[in-house]
Amino acid sequence: VESFLRCILQEGEKWVMMTYVVLAEQGAYEVVANLGSLVARMLFKFVEDIALTAWSKLLGDGTPSVVALQKSGKLFALLVKFMMLIGVVFICFGIPF
């Protein structure tokens, strides 16, 4: 059921576009949607790489210690706060542009 719902949510946009929108507008929409997601991927890729490296060092050696778990939890909280801050900035200043 979950995979079916995920498929509908991912592919539903394409089905609606094919049904109700002319071909030229479909192309313009796809270009804008892909460029928008490209910017987000490039922006957040460095955070993903840093988190992967840090968690691999902290938790990668068998059974992690309590200190390593606490450090990884603090890192996770810090990254979530950072992402939320970036998101709020984009919401506040990105909408008018």
Side-chain angles (χ1 to χ4, degrees):
V1 173
E2 182 180 330
S3 61
F4 178 71
L5 181 60
R6 185 172 18 145
C7 179
I8 288 176
L9 291 174
Q10 288 176 345
E11 301 297 324
E13 171 187 338
K14 294 176 185 173
W15 294 336
V16 170
M17 292 291 284
M18 287 188 318
T19 306
Y20 297 110
V21 181
V22 297
L23 194 58
E25 292 175 357
Q26 287 178 17
Y29 177 81
E30 289 293 324
V31 167
V32 170
N34 289 334
L35 286 177
S37 65
L38 181 65
V39 171
R41 282 188 213 130
M42 289 174 59
L43 181 66
F44 294 124
K45 180 66 177 163
F46 78 95
V47 175
E48 180 183 344
D49 291 340
I50 290 170
L52 178 65
T53 304
W55 281 318
S56 295
K57 288 180 181 177
L58 286 172
L59 305 173
D61 56 344
T63 306
S65 66
V66 174
V67 175
L69 288 173
Q70 289 175 344
K71 285 183 180 180
S72 65
K74 287 180 182 180
L75 176 63
F76 178 73
L78 180 69
L79 287 174
V80 168
K81 290 176 186 176
F82 178 67
M83 293 297 172
M84 288 178 64
L85 179 65
I86 290 176
V88 167
V89 168
F90 276 110
I91 288 172
C92 291
F93 298 112
I95 292 174
F97 297 108

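- The two atoms that bring Glu25 and Met17 nearest to each other are O-CE, 4.3 Å, heavy atoms only.
- Under the 4.5 Å side-chain contact rule for hydrophobic residues, Val80 and Met83 share a cluster.
- Annotation: side chain of Leu78 is not in contact with side chain of Lys74 (no heavy-atom distance under 4.5 Å).
- Open room surrounds CZ on Phe4; 12 or fewer heavy atoms of other groups in view lie less than 6.0 Å from it.
- Both Phe46 and Met84 sit in one connected hydrophobic cluster of ILVMFWY residues. Membership requires side-chain heavy atoms under 4.5 Å apart, directly or through other members.
- Note: Phe76 and Trp55 have tilted aromatic rings, judged against thresholds of 30 and 60 degrees for the angle between ring planes.
- Within 6.0 Å of CZ on Phe44 lie more than 12 heavy atoms contributed by other residues, nucleotides or ligands.
- Taking hydrophobic clusters as Ile, Leu, Val, Met, Phe, Trp and Tyr residues chained together by side-chain heavy-atom distances below 4.5 Å, Val47 shares a cluster with Leu75.
- For Lys45, the salt bridge (Lys or Arg N to Asp or Glu O under 4.0 Å) partners are Asp49, not counting sequence neighbours.
- The CD atom of Glu11 sits 9.0 Å away from atom CE of Met18, with the distance rounded to the nearest 0.5 Å.
- Hydrophobic clustering, with ILVMFWY side chains joined whenever heavy atoms are under 4.5 angstrom apart, groups Leu58 together with Ile50.
- Each of Val88 and Leu79 belongs to its own hydrophobic cluster when Ile, Leu, Val, Met, Phe, Trp and Tyr are linked at side-chain heavy-atom distances under 4.5 angstrom.
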